Undergrad: 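My structure is below; once you've seen it, I'll send some questions.
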Amino acid sequence: MDTPEGPPPQRLRTLPSRLTNQAAQTANRFVDQALGQAGVRRYHYALLAALEEYGPASQAALGRRTGIDRSDMVATVNDLAERQLLERAPDPDDRRRNIITITAAGRSQLTHLDRLLAAAQDEFLAPLPAADRRNLIDLLTRLVAHHGDKHA
């Protein structure tokens, strides 16, 4: 028996968790397309943003701050180092670990990525006026803050 075409059942259309997931999928597509224009991925942006905002750090500390898994962190650092967007040097206090620092080229790339992401955010939030955008950001921030510590 074929299922008729049309919208999903009402109970699915009004589930906040389902709506949030659908919106996140769309947002991720916009972000991935924007970052793809510069040949980077979300991990690249997260790492550069953390280094620019908080300064040099070990790979382990950066992984904890950004939520990037250790194996993905190594690949991301290697890729950004090859592009000369960051530098790694032995930690003077513990030679077993590296300290990662953003370069001038990395800062310049981050500024470019910020512009691409701002355009992606505008495209994603296009149907919402400015006040609704601020409200959405506030609501999502509160949800993340409330639930963030429970799953860390």
Side-chain angles (χ1 to χ4, degrees), residues 12 14-152:
L12 293 179
T14 59
L15 281 175
S17 57
R18 185 170 188 271
L19 291 167
T20 303
N21 186 54
Q22 287 179 310
Q25 288 175 346
T26 301
N28 286 335
R29 188 177 66 248
F30 286 131
V31 166
D32 289 344
Q33 288 171 350
L35 293 175
Q37 293 175 37
V40 299
R41 297 182 308 277
R42 282 182 256 164
Y43 282 170
H44 294 112
Y45 180 78
L47 188 53
L48 291 172
L51 287 168
E52 198 275 332
E53 185 168 338
Y54 297 106
S58 69
Q59 287 182 198
L62 287 166
R64 288 188 297 274
R65 184 174 294 280
T66 60
I68 299 174
D69 182 75
R70 180 178 304 183
S71 62
D72 293 325
M73 177 61 72
V74 170
T76 304
V77 167
N78 287 344
D79 190 29
L80 292 173
E82 286 174 16
R83 298 175 192 212
Q84 299 180 342
L85 300 177
L86 59 76
E87 295 174 339
R88 79 182 126 204
D91 184 339
D93 297 327
D94 184 351
R95 294 274 185 205
R96 295 171 294 173
R97 69 179 178 185
N98 287 317
I99 297 296
I100 311 303
T101 306
I102 191 169
T103 63
R107 281 189 177 82
S108 177
Q109 175 74 328
L110 184 60
T111 299
H112 175 62
L113 297 177
D114 284 337
R115 285 192 298 271
L116 292 174
L117 285 180
Q121 301 307 304
D122 283 342
E123 186 176 3
F124 172 62
L125 297 172
L128 302 177
D132 286 351
R133 291 178 185 203
R134 288 188 300 273
N135 191 37
L136 176 63
I137 292 167
D138 176 61
L139 292 170
L140 292 172
T141 300
R142 287 169 33 200
L143 282 170
V144 168
H146 176 80
H147 295 294
D149 292 338
K150 296 176 183 176
H151 299 290

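Computed from a predicted structure; not experimentally measured. The chain is numbered in sequence order, starting from 1.
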Undergrad: Enter the distance from R107:CZ to L86:CG here, rounded to the nearest 0.5 Å.
TA: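 Reported to 0.5 Å precision, the distance equals 11.5 Å.
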Undergrad: Please report the shortest heavy-atom distance between I99 and S58, naming the atom on each side.
TA: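 Minimum heavy-atom separation between I99 and S58: CD1-N, 3.9 Å.
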Undergrad: Rounded to the nearest 0.5 Å, what separation is found between the CG atom of N98 and the CG atom of L62?
TA: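 If we round to the nearest 0.5 Å, N98:CG and L62:CG are 11.0 Å apart.
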Undergrad: What residues form a salt bridge (Lys or Arg N to Asp or Glu O under 4.0 Å) with R83, not counting sequence neighbours?
TA: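 Salt bridge (Lys or Arg N to Asp or Glu O under 4.0 Å) check on R83 returns D79.
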Undergrad: With the side chain counted from C-beta on, respond yes when L35 and R41 share a heavy-atom pair under 4.5 Å apart, and no when they do not.
TA: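 They are not in contact (no side-chain heavy atoms under 4.5 Å apart), so the answer is no.
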Undergrad: Could you tell me if the side chain of H44 sits less than 4.5 Å from the side chain of L113, heavy atoms only?
TA: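 No, every pair of side-chain atoms sits at 4.5 Å or beyond.
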Undergrad: For A120 and F30, work out which heavy atoms get closest and say how close.
TA: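 Between these two residues, the closest heavy atoms are CB-O, 3.8 Å.
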Undergrad: I'd like to check the side-chain contact (heavy atoms from CB on, under 4.5 Å) partners of L12; sequence neighbours left out, ordered by chain and number.
TA: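 For L12 the side-chain contact (heavy atoms from CB on, under 4.5 Å) partners, ignoring immediate neighbours, are P8, P9, L15, R18.
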Undergrad: Check whether any side-chain N or O of N28 sits under 3.5 Å from a backbone N or O of A24 as a donor-acceptor pair, and report yes or no.
TA: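 It does hold such a pair.
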Undergrad: As an exercise, state the distance from CG of D114 to CD of E52, rounded to the nearest 0.5 Å.
TA: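 Interatomic distance, D114 CG to E52 CD, rounded to 0.5 Å: 8.0 Å.
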Undergrad: If you look at every heavy atom in A50 and T66, which pair is closest and at what distance?
TA: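 Reported closest heavy-atom pair: CB-CG2, 3.8 Å.
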Undergrad: At their closest point, which heavy atom of L116 faces which heavy atom of A38, and how far apart are they?
TA: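 Residues L116 and A38, closest heavy atoms: CD1-CB, 3.9 Å.
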Undergrad: Please indicate whether Q22 has more than 12 foreign heavy atoms, meaning atoms of other residues, nucleotides or ligands, lying under 6.0 Å from its CD.
TA: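 Count over threshold, so yes.
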Undergrad: Mind running salt bridge (Lys or Arg N to Asp or Glu O under 4.0 Å) on R95 and D91 for me, showing each step along the way?
TA: CA-CA 5 Å; R95 294 274 185 205; D91 184 339; over 6 Å; no
Undergrad: Out of the candidates L80, D72, V40, I102, only one should pair with L47 under the side chain to side chain contact (heavy atoms under 4.5 Å, CB included) rule; please name it.
TA: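 Only one option passes, and that is L80.
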Undergrad: Which atom names give the shortest non-hydrogen contact between I100 and L51, and what distance separates them?
TA: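 Scanning both residues completely, I find the closest heavy atoms to be O-CD2, 3.3 Å.
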Undergrad: Measure the spacing between CG of L139 and CZ of R134 and express it to the nearest 0.5 Å.
TA: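 It comes to 13.0 Å.
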Undergrad: Who passes side-chain contact (heavy atoms from CB on, under 4.5 Å) against A105, sequence neighbours left out?
TA: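 Listed in chain order: L85, T103.
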Undergrad: Is the shortest side-chain heavy-atom distance between R97 and Q59 below 4.5 Å?
TA: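 A side-chain contact under 4.5 Å is absent here.
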Undergrad: CZ/R64 to CE/M73 distance, rounded to the nearest 0.5 angstrom?
TA: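 So the CZ of R64 and the CE of M73 are separated by 10.0 Å.
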Undergrad: Give, for atom OH of Y45 and atom CG of L117, the distance between the pair rounded to the nearest 0.5 Å.
TA: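 Here the interatomic distance stands at 5.0 Å.
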Undergrad: Taking the side chain as everything from C-beta on, heavy atoms only, tell me whether N78 gets closer than 4.5 Å to R88.
TA: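 N78 vs R88: side chains touch.
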Undergrad: If you define the side chain from C-beta out and look only at heavy atoms, does anything of R133 sit under 4.5 Å from D122?
TA: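 Touching, per the 4.5 Å side-chain cut-off.
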